[in-house]
Amino acid sequence: IAEYAKGLTYSKDYTKLKSRINSLKTKMSYLGLKQIYNNLGTIERIIVEQKNMSDIPAMLKTISKYWDIARQELRIILKLT
């Protein structure tokens, strides 16, 4: 997910990135991953406002780290059931 979003960022395809971010926000909210959800909302706002665009790659990296942690936790939980 993060690699795909990074590719859209580097290609400056912000319309597709905004659409992908919106879809991810819904999924992260459903999973209860508030930190990821909040970061996605910030990226979405940056794209709309066209300000601080250079912050997006670092934010995607942070999202990727949080997702890795969440994924590991989910694997542990699923093994217990």
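In this text the structure is predicted, and so the values were computed from the model without any measurement.
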Let's go through I36 and W67 carefully: what are the C-alpha distance in whole Å and the side-chain angles of both, what is the deciding distance for side-chain contact (heavy atoms from CB on, under 4.5 Å) to 0.1 Å, and is it a yes or a no? CA-CA 7 Å; I36 294 174; W67 176 247; 4.1 Å; yes
Enter the distance from K25:NZ to T42:OG1 here, rounded to the nearest 0.5 Å. 9.0 Å
If only atom types and distance count, is the side chain of T62 paired as donor or acceptor with the main-chain N or O of A58 below 3.5 Å? yes
Rounded distance (nearest 0.5 Å) linking atom CD1 of I47 with atom NZ of K16: 13.5 Å
How long is the gap from CD1 on I43 to CE on M53, to the nearest 0.5 Å? 10.5 Å
Please step through side-chain contact (heavy atoms from CB on, under 4.5 Å) for the pair I46 and M59, ending with a clear verdict. CA-CA 11 Å; I46 287 170; M59 294 181 78; 3.8 Å; yes
Just by distance, do the side chain of N39 and the backbone of Q35 share a donor-acceptor pair under 3.5 Å? yes
Kindly determine whether D68 and R71 satisfy salt bridge (Lys or Arg N to Asp or Glu O under 4.0 Å), including the steps that lead there. CA-CA 5 Å; D68 287 341; R71 187 175 52 204; 2.7 Å; yes
I need the I21 CD1 to M28 CE distance, nearest 0.5 Å. 10.5 Å
